[in-house]
Amino acid sequence: MELTISHWLYGIFTLIIIFTMIFRKGVVLPSLLGTFVIAWVYNGNLIDGFTAIFNANLVAAKELFSIFLIITFMMALLHSLRDLGADRRMIQPIQKVMINGHVSFFVLIAVTYVISLFFWPTPAVPLICALLVPAAIRSGLPALTAAVAVALAGQGMALSSDYIVQVAPGLSAKSAGIDVNLVADKALILSLITGAVAIGLAYLFYRKTIRSKNSELNEKELEALQATQESTNKAHSKHLDTWSKVFAVLVPIALLTVVIYMMYTKLMSGRMSGFEGGDGAAFIGGVAVILLLLSTVAFGRQHALDYISNHITDGFVFAFKAMGPVIPIAGFFFLGSADFSGGILGVDEKAPGLLFDLVQSSQAFLPQSALFAAFSVLIIGIITGLDGSGFSGLPLTGALAASLESSSIDSGTLAAIGQMGSIWTGGGTIVAWSSMIAIAGFCGVSVMDLVRKNFIPVILGLIISTVFAVLIL
């Protein structure tokens with residue numbers, strides 16, 4: 001593979017963006033500028049550089065809109081429940097378990113891990129953030145720390161092994177030319193080690209931020225989580241207290257029924273039940289909309305015709321205000337993937353994979369010792385995860401694992417290491433333009449702040465699990 005000026009420019013702007021993030025500055029400007037310059041140079045036409053900026057943002061918006069939509073519907077439902085006063089009633093029983101912020105942190109991790117292991121984090125996040133995060137915040141757990149717990153357990157520890165569904169180990173194993181169980185079993189072990197280290201470090205780093213149950217900041221964060229401003233809707237129901245109690249019971253039961261049904265179909269249908277990832281999120285989103293309709297009618301009766309529009313609008317405003325800056329960043333990294341670059345650059349055939357080409361060109365320079373080979377695969381996995389997918393880099397890391405296999409380390413172990421790097425990064429826990437934006441949106445925190453909180457624990461977890469793999473597996 002011969003690298004062009006466009007490849008080198010893409011590499012330079014990627015480093016600029018990474019260093020800008022490290023210094024805690026916004027990366028929208030270098031993302032937009034990088035998209036413009038690279039498209040201009042690649043096509044040799046200034047006009048194409050201008051159009052590529054628009055196309056990159058449009059492609060990113062299309063890919064991420066499902067996340068924005070589920071945030072919108074769930075936030076609209078929460079606003080409607082807040083009108084009824086059902087939001088507070090709903091979390092009162094859960095608060096008996098979440099006795100303080102420390103317990104809440106680990107309850108969130110346990111529940112998120114179990115649900116995400118079966119259905120991937122995408123459908124798990126709205127359920128957990130609707131039912132458990134408000135209770136966790138009221139117990140004294142800061143919203144940002146709650147978001148860290150959900151991200152590390154779901155997007156990281158559960159998704160990186162993908163032990164139940166086995167899409168990730170299947171991709172890795174197929175590319176490496178080995179049996180899927182050789183990757184899946186080792187990926188499970190490495191995911192648990194990485195997760196234990198990352199979660200343990202996160203708790204040690206941020207435990208001092210956990211507050212008492214009586215802190216005024218708890219209520220302030222709950223208000224920020226549930227609504228950007230006080231509702232102006234007026235109640236037109238004569239039995240408001242009764243409806244409040246009804247929906248405080250109905251909503252948790254409905255969402256728990258969704259989980260039970262999804263688990264039932266999983267057990268009956270096998271690994272792929274049809275509710276993994278986006279399909280599961282769509283199911284939950286549809287249920288949320290019906291609950292929104294019912295709760296709004298119960299509160300406003302005939303005025304629900306207007307109130308529901310207000311809730312949906314508020315939901316969209318919240319989603320785009322919190323997550324809007326992610327779109328141009330995602331657009332830049334989509335430019336590095338052959339799956340999206342054609343639509344951005346206006347190329348119909350042989351769309352370039354700038355990021356993957358850079359990684360592939362480095363294979364000839366990789367060392368052959370077990371330790372260096374393992375860390376080379378890990379680093380390449382992390383780099384391929386920068387596209388915000390986590391799965392798109394698995395064929396590359398799997399193939400690379402097969403080529404670097406030696407008597408001291410087998411391809412199954414190397415493929416599992418690459419899978420850890422790719423999914424912990426892009427699945428994701430340390431890139432803002434991944435599905436992690438849903439967690440940040442539901443928890444009412446900045447996605448960039450969440451990335452910074454996750455970065456050191458995750459990187460140290462990946463390093464320790466990689467060393468373990470080389471020495472023990």
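For reference, positions follow the sequence shown, starting with 1. Computed from a predicted structure; not experimentally measured.
Taking all atoms of both residues into account, the shortest heavy-atom contact from P142 to T209 is CG-O, 3.2 Å. Among all heavy-atom pairs drawn from N218 and N214, the shortest one is ND2-N, 4.3 Å. Taking all atoms of both residues into account, the shortest heavy-atom contact from C129 to C443 is SG-SG, 4.1 Å. Of all the heavy atoms in S191 and S161, the pair that sits closest is OG-CB, 3.2 Å. Considering every non-hydrogen atom in both L32 and P328, the closest pair reads CD2-CB, 3.6 Å. Across all their heavy atoms, T425 and G421 have their closest contact at OG1-O, 2.7 Å.
Side-chain contact between T296 and H303 is absent, with no heavy atoms from C-beta onward closer than 4.5 Å. Using a 4.5 Å cut-off on side-chain heavy atoms (C-beta onward), D48 and T51 make contact. No side-chain heavy atom of H79 sits under 4.5 Å from any side-chain heavy atom of L292. Contact of the Y113 side chain with the L192 side chain is registered, since non-hydrogen atoms from C-beta on lie closer than 4.5 Å. Annotation: side chain of I109 is not in contact with side chain of L152 (no heavy-atom distance under 4.5 Å). Annotation: side chain of M98 is in contact with side chain of L132 (closest heavy-atom distance under 4.5 Å). Side-chain contact check for L394 versus I423: some heavy-atom pair is nearer than 4.5 Å. Between F442 and V133 there is no side-chain heavy-atom pair separated by less than 4.5 Å.
A donor-acceptor pair under 3.5 Å is absent between the side-chain atoms of S422 and the main chain of G418, judged by distance alone. Judged purely by atom type and a 3.5 angstrom limit, N454 has no side-chain atom pairing as donor or acceptor with the backbone of I430. At least one donor-acceptor pair closer than 3.5 Å links the side chain of S244 to the backbone N or O of L84. R207 places a side-chain N or O within donor-acceptor distance of the main-chain N or O of L204, the cut-off being under 3.5 Å.
In this structure, I329 CD1 and T35 OG1 are separated by 10.5 Å, a value rounded to the nearest 0.5 Å. In this structure, the separation between CZ on R452 and CZ on F455 is 11.5 Å, given to the nearest 0.5 Å. In this structure, M448 CE and T20 OG1 are separated by 9.0 Å, a value rounded to the nearest 0.5 Å. Rounding to the nearest 0.5 Å places CG of N43 at 8.0 Å from OG of S6. For the atom pair S31 OG and I16 CD1, the distance stands at 10.5 Å (nearest 0.5 Å). Considering CE of M420 and CD1 of I382, their distance stands at 12.0 Å, rounded to 0.5 Å.
Ring-centre distance between F106 and Y203: below the 6.0 Å cut-off. For Y10 and F332, the ring centers are positioned less than 6.0 Å apart.
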Fill in: Verdict with supporting geometry, L345 and L335, side-chain contact (heavy atoms from CB on, under 4.5 Å)
CA-CA 8 Å; L345 297 170; L335 179 60; 3.8 Å; yes
Item to complete: Tell me, with the steps shown, if Y42 and I344 meet side-chain contact (heavy atoms from CB on, under 4.5 Å).
Response: CA-CA 11 Å; Y42 182 85; I344 295 172; over 6 Å; no
Worksheet item: Does the pair W40 and N45 meet the rule for a side-chain contact (heavy atoms from CB on, under 4.5 Å), with working shown?
Response: CA-CA 5 Å; W40 177 13; N45 188 319; 5.6 Å; no
Discussion item. Using the rule given for side chain to side chain donor-acceptor pair (under 3.5 Å), can you reason through S172 versus Q419, listing the C-alpha separation, both sets of side-chain angles and the distance that settles it, and then say yes or no?
Written reply: CA-CA 7 Å; S172 298; Q419 184 174 310; 3.1 Å; yes
Practice prompt. Evaluate the criterion side chain to side chain donor-acceptor pair (under 3.5 Å) for residue pair W424 and T429; output intermediate values, then yes/no.
Written response: CA-CA 6 Å; W424 273 90; T429 60; over 6 Å; no
Worksheet item: Could you go step by step and tell me if L141 and L108 meet the side-chain contact (heavy atoms from CB on, under 4.5 Å) rule?
Response: CA-CA 11 Å; L141 187 68; L108 281 177; 3.7 Å; yes
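A salt bridge does not link D449 with K453: every distance from a Lys NZ or Arg NE/NH1/NH2 to an Asp or Glu carboxylate oxygen is 4.0 Å or more. Between E221 and R211 a salt bridge is recorded (basic side-chain N to carboxylate O distance below 4.0 Å).
Under a cut-off of 6.0 angstrom, the local environment of CG in L29 is sparse, with at most 12 non-hydrogen atoms contributed by other residues, nucleotides or ligands. Residue I456 places its CD1 atom among 12 or fewer non-hydrogen atoms of other residues, nucleotides or ligands, all under 6.0 Å distant. Counting non-hydrogen atoms of neighbouring residues, nucleotides and ligands closer than 6.0 angstrom, the CZ atom of F54 reaches no more than 12 such neighbours.
D83 and H311 form a side-chain donor-acceptor contact under 3.5 Å, judged by distance and modelled atom types alone.
Ring-plane geometry between W243 and F247 is classed as tilted, the angle between the planes lying from 30 to 60 degrees on a 0 to 90 degree scale.
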